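For reference, the structure discussed in these notes is given below.
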Amino acid sequence: MTVIAANLQAVRGRIARAAQAAGRDPATVALLAVSKTWPAEAVREAAAAAQHAFGENYVQEGVDKAAALGDLQLEWHFIGPLQSNKTRPVANAFHWVHSVDRLKIAERLSAQRDAHLPPLNVCIQVNVSGEGSKSGVAPHDARELAHAVAALPRLRLRGLMCIPEPTDDEPLLRRRFAALRALKDQLVAEGLALDTLSMGMSHDIEAAVAEGATIVRVGTAIFGARAAAGAHAGQAAPQPNGRMQTSNERHA
Ligand SMILES: *Cc1c(COP(=O)(O)O)cnc(C)c1O
């Protein structure tokens, strides 16, 4: 078994135990493997271990990787910050976008989605952590944005996504995730057909599943620690190929 296959098995075990502890069916929690900064071969290895959905943060890197793996039937999720001048490739190379945080981005994705493709699945990213975080719509603006996005013809609003501030404070994380869940419940009560809570990463899978996550986005626990934290700090100009490690380096 490869390292990636073993890691996937361990992560699936964590999800299953967390779901059981919360009285949930583990099958209601999908695993999104976050492959940002890792080469196509790493994704291929995960796919060989029955992983189907992959998350990418950087537009060109994700588009290139999806194209390189076109022979596999994979599902691609864009989860990074999205600038309005980069929406076109995202609208057509990806099946999901988790990081919609303003109407202008949603309108462009809807307008640019190819007519022959099904509607693009989207989540609205909500800033549940206040000043500790810069991405995401403020909770008090999320309602209006959600209703506007739900009305766009080429998008299908699936739910909400959040990235809490980095912390080991488990009760705080639980409150952040619970806040996202409450917001989704409110929107459902208002008539929106939402089925997705995209929350939880390598270090907080358990807290997120306990609070109702339906998609957990996991990178490090599957592929290992990413090289040079902050190497992508200039997110407007990623250079994925220059930074990708070989699998030998990865497994060293
Ligand atoms: C990188 C990233 C992840 C995965 O984080 P890990 O801690 O490596 O599991 C999940 N969600 C988003 C939005 C990310 O950018």
Side-chain angles (χ1 to χ4, degrees), residues 3-4 6-15 18 29-39 42-43 45-46 51-63 65 75-83 86 90 94-102 105 121-129 132-137 158-170 173 176-177 180 196-209 211 213-236 238 240 243-245 250:
V3 172
I4 287 174
N7 288 346
L8 272 169
Q9 197 172 72
V11 168
R12 289 176 188 136
R14 282 177 65 188
I15 292 169
V29 185
L31 173 58
L32 180 65
V34 177
S35 47
K36 66 184 177 200
T37 78
W38 298 104
V43 173
E45 215 174 296
Q51 178 60 33
H52 173 64
F54 293 88
E56 291 284 336
N57 283 55
Y58 311 103
V59 176
Q60 198 56 49
E61 179 187 345
V63 168
K65 224 177 280 180
E75 187 177 275
W76 292 96
H77 295 232
F78 188 80
I79 62 174
L82 187 48
Q83 297 168 316
K86 300 262 182 71
V90 170
F94 288 84
H95 303 87
W96 285 67
V97 175
H98 292 227
S99 46
V100 170
D101 63 359
R102 54 197 195 278
I105 294 287
N121 297 293
V122 300
C123 292
I124 289 175
Q125 182 175 352
V126 181
N127 178 1
V128 292
S129 303
S133 168
K134 36 198 184 332
S135 304
V137 64
R158 298 294 296 266
L160 305 178
M161 179 270 234
C162 74
I163 311 172
E165 65 270 57
T167 176
D168 293 327
D169 182 341
E170 171 103 4
L173 284 168
R176 300 303 192 213
F177 293 138
L180 197 72
T196 300
L197 280 173
S198 169
M199 57 191 199
M201 320 203 309
S202 291
H203 71 286
D204 54 14
I205 290 173
E206 287 78 9
V209 170
E211 296 296 344
T214 65
I215 300 180
V216 291
R217 309 178 310 268
V218 180
T220 306
I222 295 170
F223 295 105
R226 287 177 290 275
H232 279 291
Q235 288 182 338
R243 279 202 276 274
M244 285 189 190
Q245 297 172 295
R250 243 181 322 115

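It should be emphasised that the depicted structure is a prediction, and the values quoted were computed from it without experimental measurement. Whatever order the structure lists ligands and atoms in, that order sets their numbers, starting from 1.
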Please tabulate protein-ligand N/O pairs under 3.5 Å for ligand 1, atom names and distances to 0.1 Å.
residue  : atom   : partner : partner atom : Å
ligand 1 : 8 (O)  : Thr220  : N            : 2.8
ligand 1 : 8 (O)  : Thr220  : OG1          : 2.6
ligand 1 : 8 (O)  : Arg226  : NH1          : 2.8
ligand 1 : 8 (O)  : Arg226  : NH2          : 3.1
ligand 1 : 9 (O)  : Ser202  : N            : 3.0
ligand 1 : 9 (O)  : Ser202  : OG           : 2.5
ligand 1 : 9 (O)  : Gly219  : N            : 2.8
ligand 1 : 11 (N) : Arg217  : NE           : 2.9
ligand 1 : 15 (O) : Lys36   : NZ           : 2.7
ligand 1 : 15 (O) : Asn57   : ND2          : 2.7

Main-chain N/O of [Y] paired with [X] side-chain donor or acceptor, under 3.5 Å:
X: Glu61; Y: Thr37; result: yes
X: Thr167; Y: Asp169; result: yes
X: Ser129; Y: Glu165; result: yes

His77 versus His95, side-chain donor and acceptor atoms under 3.5 Å: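 Judged by distance alone, the side chains do not pair up.
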ring-ring contact (aromatic ring centres under 6.0 Å, His included) against Phe177, all qualifying residues, sequence neighbours excluded: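 Once residues adjacent in sequence are excluded, Phe177 has no partner under the ring-ring contact (aromatic ring centres under 6.0 Å, His included) criterion.
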Geometric class of the Phe54/Trp76 ring pair [parallel <30°, tilted 30-60°, perpendicular >60°]: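 The rings of Trp76 and Phe54 sit tilted, inter-plane angle from 30° to 60°.
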